[in-house]
Student: 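Let me begin by handing over the structure; questions about it come next.
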Amino acid sequence: MKIAFICTENSARSQMAEGYAKHFANLYKMNIEVFSAGSNPAPSINPLAIKVMAEEGIDLSYQRPKSFQEIPFDQINLVITLCGDGKETCPYVPAHKREHWGLPDPVKVEGTEEERLKIFRKVRDEIKEKVKNLILSLKNS
């Protein structure tokens with residue numbers, strides 16, 4: 001099974017989803033390859049995404065934003081797009097199966113670092129729940 005998480009910049013949501021999917025696949029001893037990419041990749045992962053995932057014991061510091069050209073889409077079984085609001089254009093990626101998880105982009109939130117961290121944690125927790133449910137559903141199918 002190969003899964004790709006897709007968003008625009010591949011700097012927060014899709015990176016967090018990739019981290020959780022690898023974590024849960026490993027935890028449940030499942031053979032799943034996990035990828036993430038963006039239609040317009042950022043230069044680096046957002047430091048707040050790295051920080052909130054570190055709180056969960058998941059290290060994103062070694063990951064980097066990737067373009068679509070770096071993902072073997074012809075081999076992907078499931079593509080999950082993570083774009084949230086109407087201002088974002090979620091890229092269309094052909095795949096055997098597609099899902100859309102509409103999640104707000106925490107990178108776009110303004111405010112103090114603590115206010116921004118609160119939003120990052122909220123989005124992180126939503127992603128964690130969705131990814132865990134996905135991996136468990138694949139395990140039980």
Student: What I'd like to find out is whether the side chain of I6 reaches to under 4.5 Å of the side chain of S14, using heavy atoms alone.
Tutor: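 Side chain of I6 against side chain of S14, heavy atoms only: no contact under 4.5 Å found.
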Student: Is there a side-chain contact between P106 and L48, using heavy atoms and a 4.5 Å cut-off?
Tutor: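 P106 does not reach L48 side chain to side chain.
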Student: As an exercise, state the distance from CD of E33 to CD1 of I71, rounded to the nearest 0.5 Å.
Tutor: 10.5 Å
Student: NE2/H23 to NZ/K128 distance, rounded to the nearest 0.5 angstrom?
Tutor: 7.0 Å
Student: Check whether more than 12 heavy atoms from other residues, nucleotides or ligands sit under 6.0 Å from atom NZ of K2, and answer yes or no.
Tutor: yes
Student: What heavy-atom pair brings A37 and S67 nearest, and what distance separates the two atoms?
Tutor: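 It is CB-O, 3.8 Å.
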Student: In Å and rounded to the nearest 0.5 Å, what is the CD1 to CH2 distance from I127 to W101?
Tutor: 8.0 Å
Student: Taking all non-hydrogen atoms of both residues into account, name the closest pair between G38 and F68 and its distance.
Tutor: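 G38 and F68 have their closest heavy atoms at C-CE2, 3.4 Å.
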Student: Run the side chain to side chain contact (heavy atoms under 4.5 Å, CB included) check on V109 and E115 step by step: do they pass?
Tutor: CA-CA 9 Å; V109 173; E115 290 167 334; 6.0 Å; no
Student: With the 4.5 Å side-chain cut-off for hydrophobic clustering, are L138 and L27 part of the same group?
Tutor: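 Cluster IDs for L138 and L27 match.
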Student: So, do K130 and I80 sit near enough that their side-chain heavy atoms are less than 4.5 Å apart?
Tutor: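 A side-chain contact under 4.5 Å is absent here.
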Student: If I compare all heavy atoms of S11 with all of I45, which pair ends up nearest, and what's the gap?
Tutor: O-CG2, 3.3 Å
Student: What's the shortest heavy-atom distance between C83 and C7, and which atoms?
Tutor: SG-CA, 4.1 Å
Student: To the nearest 0.5 angstrom, please state how far the CD1 atom of I135 sits from the NZ atom of K132.
Tutor: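 Separation between the atoms: 12.0 Å.
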Student: Contact between V34 and S36 at the side-chain level, heavy atoms closer than 4.5 Å - yes or no?
Tutor: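 They are not in contact (no side-chain heavy atoms under 4.5 Å apart), so the answer is no.
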Student: Going from CD on E18 to CG on L82, what distance comes out if it is rounded to the nearest 0.5 angstrom?
Tutor: 11.5 Å
Student: Does any non-hydrogen side-chain atom of E129 lie less than 4.5 Å from one of Y20?
Tutor: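 Side-chain contact under 4.5 Å: no.
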Student: Between R64 and E70 (salt bridge meaning N to carboxylate O under 4.0 Å), is one present in this structure?
Tutor: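 Salt bridge: yes.
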Student: Hey, which of E55, R116, E56 is the one that makes side-chain contact (heavy atoms from CB on, under 4.5 Å) with R121?
Tutor: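 Among E55, R116, E56, the one that satisfies the side-chain contact (heavy atoms from CB on, under 4.5 Å) with R121 is E55.
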Student: For S44 versus P65, what's the shortest heavy-atom pair and its separation?
Tutor: C-CG, 3.5 Å
Student: Write down the atom of F120, the atom of A49, and the distance for their closest heavy-atom approach.
Tutor: CE2-N, 3.6 Å
Student: Check for a donor-acceptor pair, side chain of Q63 on one end and backbone N or O of L60 on the other, with a separation under 3.5 Å.
Tutor: no
Student: How about NZ on K66, more than 12 heavy atoms from neighbouring residues, nucleotides or ligands closer than 6.0 Å, or not?
Tutor: yes
Student: Between L134 and I3, is any pair of side-chain heavy atoms under 4.5 Å apart?
Tutor: yes
Student: What's the separation between atom CG in D105 and atom CD1 in I119, rounded to the nearest 0.5 Å?
Tutor: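 The CD1 atom of I119 is 11.5 Å from CG of D105, to the nearest 0.5 Å.
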Student: Name the residue from N10, V131, T81 that meets the side-chain contact (heavy atoms from CB on, under 4.5 Å) definition with F5.
Tutor: V131
Student: Might you confirm whether atom NZ of K22 has over 12 heavy atoms from other residues, nucleotides or ligands at distances under 6.0 Å?
Tutor: yes
Student: Run T112 and E114 through side-chain hydrogen bond (donor to acceptor under 3.5 Å, both in side chains) and show every step you take.
Tutor: CA-CA 5 Å; T112 67; E114 195 50 49; over 6 Å; no
